[in-house]
Amino acid sequence: MIDFGGQSVIVTGAGGGVGSALVKVLADCGARVVACDRKGVDLSADGIAEASHFDLLEDAAVADFAARTLSAGVPAAVISNAGWTRAETLAAVTPEALDREVDLNFRSAALLSQAFLPAMRNQPSGAAFVFVTSVNAMFHCGNPAYSAAKAALTAWMRAIATEEGRNGIRANAVVPGSIRTGAWDHRIAQKPEILGAVSGLYPLGRLVEPAEVARAAAFLASPAASGITGAALTVDAGLTAGNLPFLEQIS
């Protein structure tokens with residue numbers, strides 16, 4: 001159903017848990033995967049056609065990457081997956097933490113999309129942006145700076161969808177709940193029982209797997225989703241469907 005036909009798809013944060021899953025899913029769907037991550041991150045996985053190491057927080061590096069990539073052709077899709085958070089409550093949000101989390105989770109993705117937008121307009125088969133956001137953008141469940149950045153990224157996605165649709169460009173977001181990646185390791189180290197406790201908050205009784213997020217992103221990036229733009233697709237094991245802990249308390 002999904003076939004990119006050898007067209008290039010850019011993936012940021014490609015060396016992480018979701019990024020690695022994206023590489024595999026996209027390659028299986030016939031995409032030429034251009035994988036991006038920070039210096040020192042391993043980008044040698046099968047399925048990566050081209051690897052690029054740079055820091056998304058460096059504006060010049062983002063612009064240079066876009067220029068180098070476009071010199072070889074226009075990508076079919078750009079998937080902004082890179083993200084990071086450690087400031088888990090308001091008390092932990094220092095000015096430095098606020099700047100870093102907003103810049104990495106929103107500003108860098110916005111600048112990257114701006115760098116590619118002009119070239120991606122009016123392509124014969126169209127083009128797509130997919131932003132990996134978070135349920136944190138929909139209601140507060142910690143990490144306030146990260147959450148605010150992801151909410152901003154959702155608004156940015158809708159701006160692209162609305163203003164660039166006439167130019168054949170689609171923009172959508174994948175909205176994951178908690179994903180079982182290495183990002184949970186520091187929490188598990190402090191509190192080993194946390195996975196079991198958090199899993200009970202989800203109607204499916206578990207966290208989301210990286211491959212589930214990757215499949216949703218690949219679909220939205222592909223021609224199979226040609227009529228979908230401006231959408232925020234939750235991949236959250238049912239978390240935003242309702243308040244299961246509340247229901248269990250009153251039933």
Side-chain angles (χ1 to χ4, degrees), residues 1-2 4 9-38 40-49 51-52 56 77-86 104-105 108-109 128-138 141-143 146-147 149-150 153-154 157 172-189 194-222 224-225 231-240:
M1 180 179 177
I2 298 176
F4 287 94
V9 177
I10 294 165
V11 178
T12 67
V18 173
S20 297
L22 276 165
V23 168
K24 184 179 187 311
V25 169
L26 289 165
D28 288 347
C29 292
R32 179 183 179 275
V33 180
V34 180
C36 312
D37 216 313
R38 296 167 297 161
V41 175
D42 183 10
L43 293 178
S44 62
D46 291 342
I48 293 177
S52 188
L56 281 167
V78 176
I79 301 179
S80 288
N81 163 68
W84 186 89
T85 180
R86 281 297 181 273
L104 178 58
N105 295 295
S108 64
F129 289 91
V130 178
F131 300 94
V132 179
T133 64
S134 171
V135 293
N136 288 53
M138 303 172 69
C141 49
N143 305 91
Y146 170 87
S147 303
K150 291 298 190 180
L153 193 58
T154 303
M157 172 274 289
N172 293 288
V174 176
V175 188
S178 299
I179 311 169
R180 182 58 185 101
T181 67
W184 277 85
D185 291 348
H186 73 286
R187 295 188 179 111
I188 296 170
I194 192 170
L195 278 183
V198 171
S199 295
L201 303 175
Y202 289 83
L204 290 184
R206 62 174 177 83
L207 273 61
V208 171
E209 293 295 327
E212 294 173 317
V213 179
R215 288 193 292 267
F219 165 67
L220 290 174
S222 78
L233 175 60
T234 54
V235 184
D236 65 356
L239 183 66
T240 56

- Answer yes or no: is there a donor N or O on one side and an acceptor on the other, between the side chain of D236 and the main chain of T240, under 3.5 Å?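 Answer holds: yes.
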
- Message: Quick check against the 3.5 Å criterion: does N81 have a side-chain atom that pairs as donor or acceptor with the backbone of G13?
- Response: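 Pair found, side chain donor or acceptor close to backbone of G13.
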
- Message: Holding to salt bridge (Lys or Arg N to Asp or Glu O under 4.0 Å), I want the full list of residues that pass it with R38, two or more places apart in sequence or in another chain.
- Response: none

- Just jot down the salt bridge (Lys or Arg N to Asp or Glu O under 4.0 Å) partners of R86, sequence neighbours excluded, or say none. none

- Task: Could you list the residues that satisfy side chain to side chain donor-acceptor pair (under 3.5 Å) with S178, not counting sequence neighbours?
- Result: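 Testing S178 for side chain to side chain donor-acceptor pair (under 3.5 Å), a comparison that skips the adjacent residues, returns Y202.
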
- Please list, chain by chain and in numerical order, all residues satisfying side-chain contact (heavy atoms from CB on, under 4.5 Å) with T85, sequence neighbours excluded.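 Testing T85 for side-chain contact (heavy atoms from CB on, under 4.5 Å), a comparison that skips the adjacent residues, returns E101, N143, Y146.
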
- Query: Partners of S80 by side-chain contact (heavy atoms from CB on, under 4.5 Å), sequence neighbours excluded?
  - Reply: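 Listed in chain order: T12, V78, A109, L112, F131.
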
Enumerate, atom names and distances included, each donor-acceptor pair closer than 3.5 Å involving a side-chain atom of residues 206-222, sequence neighbours excluded.
from	atom 1	to	atom 2	distance (Å)
R206	NH1	E212	OE1	3.1
R206	NH2	E212	OE2	2.8
E212	OE1	E209	N	2.8
S222	OG	F219	O	2.8
S222	OG	A224	N	3.2

- Please lay out, stage by stage, how V175 and T133 fare under the test side chain to side chain contact (heavy atoms under 4.5 Å, CB included). CA-CA 5 Å; V175 188; T133 64; 3.4 Å; yes

So, for [X] and [Y], which heavy atoms are closest and what is the spacing to 0.1 Å?
X    : Y    : result
C141 : N136 : SG-OD1, 3.6 Å
L104 : S108 : O-OG, 2.8 Å
A49  : R32  : CB-CG, 3.4 Å
D42  : S44  : OD1-OG, 2.6 Å
G142 : S147 : O-OG, 3.0 Å

- Under the criterion side chain to side chain contact (heavy atoms under 4.5 Å, CB included), which of V11, I179, V174 is the partner of V18? I179

Interatomic distance, [X] atom [atom1] to [Y] atom [atom2] [nearest 0.5 angstrom]:
X    : Y    : atom1 : atom2 : answer
M138 : T154 : CE    : OG1   : 8.5 Å
S20  : D46  : OG    : CG    : 11.5 Å
L43  : D37  : CG    : CG    : 5.5 Å
I79  : N172 : CD1   : CG    : 11.0 Å

- Show your reasoning for whether side chain to side chain contact (heavy atoms under 4.5 Å, CB included) applies to K24 and D28. CA-CA 6 Å; K24 184 179 187 311; D28 288 347; 3.0 Å; yes

